[in-house]
Amino acid sequence: MKDAKTLWKACVSRALEALAREKGIPAEALSALPPAVEVPPKPELGDLGFPMFPYAKVLRAAPAQIAQAVAAALVGDPEAAGLGTVRTEGPYLNVFLDRPAVVRDVLEALGRDPDGYGRNESLAGRKIMVEFSSPNTNKPLHLGHLRNDALGESVSRILAANGAEVFKIDLINDRGVHICKSMLAYMAYGNGRTPESEGVKSDHFVGDYYVRFNDLKKEDPAAEEKAQALLVKWEAGDPDTLALWKTMNGWAEGGIRQTYERTGISFDKYYHESRIYVTGKDEVLRGLESGVFFKAEDGSVRVDLSDIGLETKVLLRKDGTSIYMTQDIGLAIERHKDWPFDQLIYVVASEQQYHFKVLFHILAKLGYPWAANLYHLSYGLVNLPEGRMKTREGTVVDADTLLDSLRELAVEEIASKGREDAVGDISETAEKIALGAVHFYLLQATPSKDMIFNPKESLSFNGATGPYIQYMGARISSMLRKHDSGEGNARGGTVRPELLAGDAEWALIRRIAEYPEAVAQAARDFDPSAVATCLYDLASAFSRFYHDNPVLTAPDKDTAASRLALAAAARTVLRNGLSLVCIPFLETM
RNA sequence: GCGCCCGUAGCUCAGCUGGAUAGAGCGACGGACUUCGAAUCCGUAGGUCGCAGGUUCGAUUCCUGUCGGACGCACCA
């Protein structure tokens with residue numbers, strides 16, 4: 001389709017130039033106006049459309065007249081004649097592609113390299129590091145993390161599908177007052193209990209104590225100060241404090257990693273804040289020497305940000321300790337040494353835009369050439385219909401709990417359809433459906449925008465959902481299984497593209513043909529929704545197609561074989577695409 | 001106050017670099033299973049694209065202003 005698009009563009013361009021020459025107008029006048037290709041609003045208007053408005057002034061003619069003249073020229077163009085037919089629609093020049101030819105090309109491309117369909121090499125040789133998730137170790141993952149994780153993992157896979165070499169990293173925030181609060185509450189109420197003794201997932205166990213810190217505050221007004229004091233003890237290396245910290249962090253991180261495994265995300269390297277929080281200090285001191293930073297009257301080291309319209313920013317406290325920004329400066333430099341990336345993408349919520357703006361600017365000021373290739377993939381908050389999730393009010397949607405309830409619903413769904421025997425491992429299948437539901441829900445939206453998560457609605461598996469797409473994949477798989485076991489009429493038939501030229505088939509073929517472009521666009525915009533939307537449209541087109549076109553039961557062998565080939569092609573694209581948006585493909589459900 | 005993002009059908013969201021009567025899903029209403037699994041399909045109703053200007057042959061899309069909302073503007077992460 002892409003090829004047809006560019007070919008037609010060239011044909012139209014030639015015809016326009018010829019028209020200009022005829023009128024004695026220099027062809028150069030058109031060079032600033034390359035033909036714009038678009039998709040007509042209705043399929044019966046054609047497959048490609050070229051608006052002729054822009055040429056009215058230069059060619060001194062009405063757009064509709066130009067369209068007619070160009071159409072006439074194209075009829076006589078032998079190259080264009082082989083690509084389809086043209087028709088004018090007022091000021092538009094519309095193209096009807098040669099359907100069998102496109103069908104043949106698409107099926108051939110898929111047959112040649114099924115797994116590679118949709119991949120490209122545009123980012124070949126490029127090393128891209130992606131940081132995402134970056135959890136705190138005082139509580140389990142919640143819905144917001146799921147959006148972050150899904151985005152990070154999906155973008156990583158999409159970039160890899162465009163040829164990039166991707167390195168995924170996770171920064172575990174295992175240090176700070178937040179973890180000290182959990183520790184303090186545990187010291188007060190723990191009594192030696194463990195996740196094992198209580199039968200609670202270990203990160204939830206730690207999170208429960210973080211919540212209980214609120215109780216502690218009521219009992220002990222000095223609780224906040226005690227948490228600060230505990231942090232000081234931690235930094236001083238107090239053995240008892242370190243031991244408890246280690247134990248509780250182990251629980252928290254262990255539980256969090258279980259959730260990663262469950263949701264299918266992974267990392268090439270974990271960084272721990274506790275081990276690197278002092279880095280960056282040397283870098284800042286060096287910047288002070290070279291005059292990039294300055295020492296304020298109170299003794300703190302600061303950076304002047306007036307060149308980007310901001311105030312000054314402290315980088316080292318007057319006591320010489322480092323802050324968040326200092327760490328991130330050091331960390332970026334260290335990471336580039338660890339794995340010399342061409343680009344580093346930080347998947348972090350939009351709340352931190354200021355932070356990254358400043359960080360990138362500082363690194364540029366320090367003279368790191370790669371600073372220009374740092375990118376903050378900023379995503380919006382996930383809110384509830386009632387508003388923002390609040391830990392204090394207990395409205396936070398916990399990731400594990402959400403997945404559990406979705407899985408439970410999927411189990412019920414399987415039972416209500418009497419498919420327990422057909423799906424094999426019910427629990428495993430239900431878990432994959434739950435994942436499909438969550439990931440599609442989170443990735444179909446534009447990353448930068450805040451989104452509302454309606455628990456009730458999101459529990460539906462109907463309509464534009466992950467399970468809908470999975471279902472179409474399962475239905476096609478079912479057909480292919482039947483065919484393999486000898487059922488149906490496709491055996492011995494020949495695949496003939498001209499038998500797939502109907503409107504329903506054509507709509508499906510177009511979606512299949514568009515998929516590679518969606519993968520490319522998703523990489524350009526760091527936006528998986530391009531892929532998610534394409535897959536939904538594809539599944540939907542397949543659903544319409546097979547609803548009124550019998551595949552295996554088509555009376556004629558060749559028709560059955562041809563339709564089956566189309567279905568198999570659709571399945572391949574679904575399989576490839578779903579993996580890019582972290583949705584498990586299901587053979588049966 | 002300043003910065004940044006967002007305001008499209010009752011709800012949740014699409015709408016690619018400005019282009020042909022603004023699209024989906026959910027919800028509502030009405031249809032389709034002795035036919036490859038109905039987690040499906042088809043139809044109906046529903047929008048002055050927050051508002052006002054501007055640029056353009058043409059603006060949901062670009063610019064300005066304005067109203068409304070979210071998030072930032074720490075020697076917290």
Side-chain angles (χ1 to χ4, degrees), chain A residues 36 38-42 45 49 51-54 56-57 62-63 89-92 94 134 136 173 175-178 273 277 296 298-302 309-311 313-319 321-328 349-355 357 378 380-381 383 385 387-388 410 413-414 416-419 422 433 441 444-446 448-454 456-458 460-465 467-468 470-472 474-476 478-479 482-483 487-488 517-518 521 524-525 529-530 533 536-537 540 543-544 546-554 560 563-564 567 588-589:
Chain A
E38 61 178 84
V39 178
K42 289 194 168 192
L45 292 173
M52 291 295 126
F53 305 99
K57 199 174 279 177
E89 196 71 41
Y92 291 90
N94 292 341
S134 304
N136 290 339
N173 296 301
R175 180 202 87 96
V177 263
H178 55 275
E273 196 197 340
Y277 76 101
D298 65 359
S300 61
V301 177
R302 306 187 180 201
L310 296 172
E311 307 288 307
K313 171 85 187 168
V314 172
L315 298 177
L316 283 179
R317 299 188 181 97
K318 52 177 170 276
D319 63 4
T321 55
S322 60
I323 61 168
Y324 179 41
M325 186 63 76
T326 324
Q327 286 174 45
D328 259 2
S350 57
E351 307 166 298
Q352 297 198 34
Q353 283 180 109
Y354 168 83
H355 173 75
K357 188 175 178 183
S378 162
L381 269 46
N383 294 316
R388 188 167 184 171
E413 190 82 14
I414 290 167
S416 78
K417 296 184 187 331
R419 295 197 47 83
I433 292 168
Y441 193 92
Q444 79 184 126
T446 305
S448 63
K449 289 190 188 179
D450 288 352
M451 65 187 292
I452 292 178
F453 180 83
N454 187 325
K456 275 188 195 138
E457 277 182 23
S458 64
S460 161
F461 298 148
N462 301 327
T465 64
Y468 173 94
Q470 290 173 311
Y471 177 71
M472 293 311 154
R475 291 300 303 274
I476 301 173
S478 170
M479 284 179 196
K482 289 200 165 186
H483 171 72
E487 288 182 55
E517 178 52 30
Q521 199 199 321
R524 272 198 300 276
D525 302 343
S529 76
T533 306
Y536 173 73
D537 290 341
S540 170
S543 188
R544 272 192 289 269
Y546 94 118
H547 189 265
D548 17 54
N549 295 89
V551 178
L552 293 172
T553 52
R563 288 177 181 170
L564 190 65
T588 176
M589 64 188 277

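Heavy atoms only: backbone and side chains are in, while hydrogens, waters and symmetry mates are out. Throughout, protein chains are lettered first and strands after them, A, B, ... in sequence-line order, and every chain is numbered starting at 1.
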[atom1] gap between [N] and [M], integer Å:
| N | M | atom1 | answer |
| --- | --- | --- | --- |
| C33(B) | C42(B) | C1' | 14 Å |
| U55(B) | G10(B) | C1' | 36 Å |
| G65(B) | U61(B) | P | 16 Å |

OP1 or OP2 of [N] versus the side-chain N and O atoms of [X]: is any pair under 4.0 Å?
| X | N | value |
| --- | --- | --- |
| Arg475(A) | A38(B) | yes |
| Tyr468(A) | C41(B) | yes |
| Lys449(A) | A70(B) | no |
| Lys57(A) | C57(B) | yes |
| Arg544(A) | C42(B) | yes |
| Ser460(A) | G25(B) | no |
| Asn462(A) | U40(B) | yes |
| Ser478(A) | G37(B) | yes |
| Tyr471(A) | A39(B) | yes |

Nearest whole Å is fine: how far is [N] [atom2] from [X] [atom1]?
| X | N | atom1 | atom2 | answer |
| --- | --- | --- | --- | --- |
| Asn454(A) | C11(B) | CG | P | 12 Å |
| Glu311(A) | G72(B) | CD | P | 18 Å |
| Leu316(A) | A74(B) | CG | C1' | 15 Å |
| Lys417(A) | A39(B) | NZ | P | 4 Å |
| Glu351(A) | C73(B) | CD | P | 10 Å |
| Arg419(A) | A39(B) | CZ | C1' | 10 Å |
| Glu38(A) | U61(B) | CD | C1' | 13 Å |
| Leu552(A) | C36(B) | CG | C1' | 5 Å |

Closest contact, heavy atoms only, Leu381(A) versus Asp450(A):
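The pair with the smallest heavy-atom distance is N-OD1, 2.8 Å.
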Looking at every strand, decide which applies to [X] at a 4.0 Å heavy-atom threshold: base, sugar-phosphate, or nothing.
| X | answer |
| --- | --- |
| Glu273(A) | sugar-phosphate |
| Pro40(A) | base |
| Lys42(A) | base |
| Pro91(A) | nothing |
| Ile433(A) | base |
| Glu89(A) | base |
| Ala474(A) | base |
| Ser543(A) | sugar-phosphate |
| Ala56(A) | nothing |
| Gln352(A) | base |
| Met589(A) | base |
| Tyr546(A) | base |

If [N] has a Watson-Crick or G-U wobble mate with both distances under 3.5 Å, name it; if not, just say none.
| N | answer |
| --- | --- |
| C33(B) | none |
| A24(B) | U12(B) |
| G18(B) | none |
| G3(B) | C71(B) |

Using the purine O4'-C1'-N9-C4 or pyrimidine O4'-C1'-N1-C2 torsion, is C71(B) syn (within 90° of 0) or anti?
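What C71(B) shows is an anti base, its glycosidic angle lying more than 90° from 0.
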According to the interplanar angle, ranging from 0 to 90°, do the rings of His355(A) and Tyr324(A) count as parallel (below 30°), tilted (30 to 60°) or perpendicular (above 60°)?
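His355(A) and Tyr324(A): parallel rings.
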Just so I know, are the side chains of Val551(A) and His483(A) near enough to count as touching, which here means a heavy-atom distance under 4.5 Å?
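A side-chain contact under 4.5 Å is absent here.
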When you compare the side chain of Phe453(A) with that of Tyr441(A), does any pair of heavy atoms fall below 4.5 Å?
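With C-beta onward as the side chain, the pair touches.
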In sequence, state the C-alpha distance, the side-chain angles, and the governing distance for Arg302(A) and Glu311(A), and then conclude on salt bridge (Lys or Arg N to Asp or Glu O under 4.0 Å).
CA-CA 10 Å; Arg302(A) 306 187 180 201; Glu311(A) 307 288 307; over 6 Å; no
Taking atom types as they are modelled, would you say the side chain of Asp328(A) forms a donor-acceptor pair with the base of A77(B) within the 3.5 Å cutoff?
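Absent.
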In terms of the nearest nucleotide of RNA chain B, which residue is placed more toward the 5' end: Tyr324(A) or Lys482(A)?
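Counting from the 5' end, the first nearest nucleotide belongs to Lys482(A).
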Quick check: on RNA chain B, is the nucleotide nearest Ser350(A) upstream (toward 5') of the one nearest Ser529(A), or the reverse? Name the residue that is more 5'.
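Mapping each residue to its closest nucleotide by heavy atoms, the 5'-most match is Ser529(A).
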Side-chain donor/acceptor of [X] to backbone N/O of [Y], under 3.5 Å:
| X | Y | value |
| --- | --- | --- |
| Asn173(A) | Ser134(A) | yes |
| Ser378(A) | Ser448(A) | no |
| Gln353(A) | Ser350(A) | yes |

